[in-house]
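Working notes, beginning with the structure itself.
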Amino acid sequence: MTNPESSAAGNFIREIVVQDVKAGKHGRIVTRFPPEPNGYLHIGHAKSICLNFGIAQEFRGICHLRFDDTNPTREEVEYVEAIQADVRWLGFGWGDKLFYASDYFERLYQYAVHLINKGKAYVDSLSADEMRAHRGTLTERGKESLHRNRSVEENLDLFARMKAGEFPDGAHVLRAKIDMASPNINLRDPALYRIRHAAHHRTGNRWCLYPTYDYAHPLSDAIEGITHSICTLEFEDHRPLYDWVVQQADAPCRPRQIEFARLNLSFTVMSKRKLLDLVEKGHVAGWNDPRLPTLKGLRRRGYTPEAIRAFCEHIGVAKRDGVVEMALLEHFIREDLNRRAPRVMGVLRPLKVVIDNYPDGQVEQLDAVNNPEDPGAGIRKVPFARVIYIERDDFREVPPKKFFRLAPGQEVRLRYAYIIKCVGVVKDDRTGEVVELHCTYDPETRSGSSQAGRKVKGTIHWVSATHALPAEIRLYESLFVKADPDDVPEGQDYTANLNPHSLERVTGCLVEPSLAGASPGSRYQFERLGYFCVDPDSAPGKLVFNRTVPLRDSWAKIEKAQH
RNA sequence: UGGGGGAUCGUCUAGUGGCAGGACGUCAGACUCUGGAUCUGACUACCUAGGUUCGAAUCCUAGUCCCCCAGCCA
């Protein structure tokens, strides 16, 4: 971890840092994660967090957490707290390096005065519309504002009065004086300050003048001594402006901005706007809805920080934009939970089975392995009795080819118990639905016994009728039916691709009694089904589980191929 | 259309003039008291056309396609 040369996952940014270190450019590497507190963190942020904090760790440097809170009209404390909790949950810390761009407002203001004095910034009094008209287009150069050549004294006076609150919103802005003819639109005298008579979540009403991102960000980086300012691709053509601001302000250091491609995940959306939209329009239940790619959603879904970090490590960092398959994220949570999650038995859709030759009233406590991947996890007792429930899917009256489960006349092993044979099927007279099975068991085949070696094709899970606990289980599918939710017919938007089956609440499930005290957040593998996590909605006597991800299911593939 | 970026297996990603590699995925098979896990094997890629070179994913030239930018958002 501390030796850059031995780093498993190299990428072009680490390479740049290595070169800079070799060249002796920096005493110590300082990065930063700079969220705007106007929304919750999602897995795309996790990529950036892992990158920034990861590089700092790797080079024995430090990563700052800095809130980019320059726009009081969209930011709230609720988010700054949530963001800190999420970063911590992901497994990263920032020591005492917690900062806010708003902490720098006074210094930023002084830098602006400095720019005015140098003739590098001026107060413009054009309206927003006029400014837009003056900006030109992608192909036509812009026109200079008639206020562009105001005297330093006049600019200083106006700027001070803007700060003092003498003008309404929009009356004036402070602009960088760069080049209205630049082919890079960002350099056509961008706004540095705008008037906003709005209360800020940290500075209250002290200011009515707020810096823009393009101005506050580079200077905040410089003030903090950031060596490598890592951001996403869309800021690439802001880099000349970033450099301009730092240089013209005569800031104490010159951070290097490096851009990488943001994460896109198939079958979901990542933009703050769409996420907010989904929440506000009620397509999901909130920011922590388990179907969302938000950190809070993934957490509730049962994802571990370790799995998310492993995912971020493996997707790599590059400049080409692409879409990572959801299957890769699922791979990492399966890998993590396979190693760590205790196994239990639970039946989603119970089918009653009476074992005719098993003594009525007898109960056996059978040994069950808690985690075959982890011998240290030990064993537990699972009660077995005459009436049990099995998974409805594990029985077919007319078994298709390669169906290794229960069917009339067929044998199957009950996990950790006996081999049983189906000898009778009870149906509902009216609907024809199978409501109960009759089986016989072979007492010689008890799990672990000398005769247990007899082979049967299939093993299925079960719960004892009298001992099982009722539960609600929430099954999730992808939020969208298309890998690219934006792939819609003309005139429709991404919500047209919402998956109507993204949530299925299954009630009447039965789980083994050892789950009685399961606390919210704890994760299990329900054997043969998948990984599940106790939902915060769960309560004693009212268990609620979320399915994090199903187990890989090769039978489902075979069956699908048969159709 | 001006500017800025980017194109390598289905997906993500290595590669910096010398055998195109890894991971996910998919398909087979082995094993298994989870149709899980594990193991084995297979699969499939350098945007195009020229050029330089003994040799090009890599260098050059000309194209093509994709993404970003015209907020007083970040």
Side-chain angles (χ1 to χ4, degrees), chain A residues 9-11 34-36 38 68 70-71 73-75 124 126-128 131-133 135-142 169-170 172-175 182-188 190-196 210 212-214 216-217 231-240 259 261 263 266 272 311 314-332 334-335 338-339 343 345 369 372-373 402-405 412-417 419 445 447-448 452-461 483 525-530 550-559 561:
Chain A
N11 63 55
E36 184 189 12
N38 71 341
D68 223 329
T70 57
N71 187 347
T73 61
R74 10 192 293 166
E75 297 151 6
D124 200 355
L126 258 28
S127 70
M131 251 181 84
R132 189 177 313 118
R135 190 154 32 232
T137 68
L138 295 179
T139 51
E140 303 159 55
R141 50 159 52 195
D169 289 6
H172 307 283
V173 294
L174 185 74
R175 286 231 253 173
S182 174
N184 181 346
I185 291 181
N186 297 298
L187 262 21
R188 316 237 263 231
L192 268 24
Y193 270 94
R194 73 284 214 195
I195 299 170
R196 285 254 201 292
Y210 293 94
T212 59
Y213 167 87
D214 281 321
H217 198 85
C231 63
T232 44
L233 252 26
E234 68 270 27
F235 294 106
E236 205 152 17
D237 48 15
H238 289 237
R239 184 164 10 106
E259 311 84 9
L263 169 66
S266 63
K272 275 187 187 175
F311 170 76
H314 281 78
I315 53 175
V317 179
K319 295 195 72 159
R320 94 184 73 152
D321 40 20
V323 183
V324 175
E325 287 176 341
M326 187 61 89
L328 189 61
L329 215 210
E330 294 182 338
H331 162 76
F332 284 104
R334 285 196 187 102
E335 182 181 73
N338 175 52
R339 214 166 359 96
R343 318 279 125 131
M345 291 195 283
V369 175
E373 304 295 320
K402 291 189 181 168
F403 184 82
F404 302 148
R405 309 174 184 183
V412 75
R413 171 171 288 282
L414 294 175
R415 180 77 159 149
Y416 297 125
I419 291 174
T445 59
S447 192
R454 183 145 76 83
K455 294 275 184 267
V456 281
K457 281 288 213 178
T459 299
I460 63 173
H461 58 278
Q525 184 198 102
F526 285 11
E527 293 215 30
R528 303 208 308 132
L529 294 179
L551 250 27
R552 291 183 66 217
D553 187 350
S554 46
W555 164 244
K557 286 176 188 169
I558 294 168
E559 198 179 25

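Every chain is numbered from 1 and lettered A, B, ... according to where its sequence line falls, protein lines coming before strand lines. Computation of the quantities below employed the complete heavy-atom set of this structure, encompassing side-chain atoms and omitting hydrogens, waters and symmetry-equivalent molecules.
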Open item on the list: I'd like to know whether NZ of A:K402 has more than 12 heavy-atom contacts from other residues, nucleotides or ligands below 6.0 angstrom.
Closed with: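 No - once you tally the heavy atoms of other residues, nucleotides and ligands closer than 6.0 Å, there are 12 at most.
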Main-chain N/O of [Y] paired to [X] side chain as donor or acceptor, under 3.5 Å:
X      : Y      : value
A:S182 : A:L187 : no
A:E75  : A:N71  : yes
A:S266 : A:M326 : yes
A:R334 : A:P550 : yes
A:R188 : A:R135 : yes
A:D237 : A:N186 : no

Could you tell me how far [M] sits from [N] if I compare only their [atom1] atoms? Round to whole Å.
N      : M      : atom1 : result
B:rU13 : B:rG4  : C1'   : 24 Å
B:rC39 : B:rU44 : C1'   : 22 Å
B:rC46 : B:rC12 : C1'   : 16 Å
B:rU48 : B:rA57 : P     : 11 Å
B:rA20 : B:rU1  : C1'   : 38 Å
B:rG35 : B:rC68 : C1'   : 47 Å
B:rU11 : B:rU53 : P     : 36 Å
B:rA14 : B:rA7  : P     : 10 Å

Protein-nucleotide distance ([X], atom [atom1]; [N], atom [atom2]), rounded to Å:
X      : N      : atom1 : atom2 : value
A:K455 : B:rC31 : NZ    : C1'   : 10 Å
A:R415 : B:rG35 : CZ    : C1'   : 12 Å
A:E330 : B:rC12 : CD    : C1'   : 15 Å
A:W555 : B:rG36 : CH2   : C1'   : 16 Å
A:N338 : B:rU34 : CG    : C1'   : 10 Å
A:R334 : B:rA23 : CZ    : C1'   : 15 Å
A:K557 : B:rU26 : NZ    : C1'   : 8 Å
A:L328 : B:rU11 : CG    : P     : 14 Å

Task: Given RNA chain B, 5'-ward residue of the pair A:H331 and A:V323, judged by closest heavy atom - done: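 Result: A:V323.
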TODO: Could you say whether A:R239 or A:V317 is positioned toward the 5' end of RNA chain B, judged by the nucleotide with the nearest heavy atom to each?
DONE: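 This one resolves to A:R239.
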Record whether the side chain of [X] comes under 3.5 Å of the base of [N] through a donor-acceptor pair of N or O atoms.
X      : N      : result
A:R343 : B:rU34 : yes
A:E373 : B:rG36 : yes
A:E527 : B:rG36 : no
A:R405 : B:rG35 : yes

Of all the nucleotides listed ([options]), which has the minimum atom distance to the side chain of [X]?
X      : options                : value
A:R528 : B:rG25, B:rU13, B:rG35 : B:rG35
A:K319 : B:rG6, B:rG35, B:rG36  : B:rG6
A:A327 : B:rG35, B:rC24, B:rU34 : B:rC24
A:V324 : B:rU34, B:rC12, B:rC24 : B:rC12

Applying a 4.0 Å non-hydrogen cut-off, can you work out what [X] is touching in the nucleic acid: base, sugar-phosphate, or nothing?
X      : value
A:Q525 : base
A:F332 : nothing
A:V456 : nothing
A:I315 : sugar-phosphate
A:I460 : nothing
A:F311 : nothing

Task: Any A:R74 side-chain heavy atom under 4.5 Å of A:E36 side chain - done: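 Yes, close enough: below the 4.5 Å cut-off.
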Task: Beyond-backbone contact of A:L329 with A:V324, side-chain heavy atoms, under 4.5 angstrom - done: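 Answer no - side chains too far apart.
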- [ ] List the atom of A:G458, the atom of A:V412, and the distance in Å for their closest heavy-atom pair.
- [x]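 A:G458 and A:V412 have their closest heavy atoms at O-CG2, 3.3 Å.
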Open item on the list: Once rounded to the nearest 0.5 Å, what's the spacing between atom CD of A:E373 and atom CD of A:Q525?
Closed with: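 Taking CD in A:E373 and CD in A:Q525, the distance rounds to 9.0 Å.
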Task: Reported NE2-to-CD1 distance for the pair A:H172 and A:I195, which is rounded to 0.5 angstrom - done: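 Taking NE2 in A:H172 and CD1 in A:I195, the distance rounds to 6.0 Å.
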Using OP1 and OP2 only, check whether a side-chain N or O of [X] sits under 4.0 Å from [N].
X      : N      : answer
A:R320 : B:rU8  : yes
A:R552 : B:rA37 : yes
A:K457 : B:rG35 : no

Open item on the list: Counting runs of three or more consecutive pairs, Watson-Crick or G-U wobble, with each distance below 3.5 Å, where are the stems of RNA chain B?
Closed with: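 Paired runs of 3+ in RNA chain B: B:2-7 with B:64-69, B:10-13 with B:21-24, B:25-30 with B:38-43, B:47-51 with B:59-63.
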TODO: Encode nucleotides 67-74 of chain B as B, S and - characters from 5' to 3', where the letter depends on protein heavy atoms closer than 4.0 Å: B to the base, S only to sugar-phosphate, - to neither.
DONE: SBBBSBBB
Task: Syn or anti conformation of B:rG71, syn meaning chi within 90° of 0 - done: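 Syn, which is what one calls it when the glycosidic angle falls within 90° of 0.
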Open item on the list: Over 60° means perpendicular and under 30° means parallel, so tell me whether A:H314 and A:F332 are parallel, tilted or perpendicular.
Closed with: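 Correct class here is tilted.
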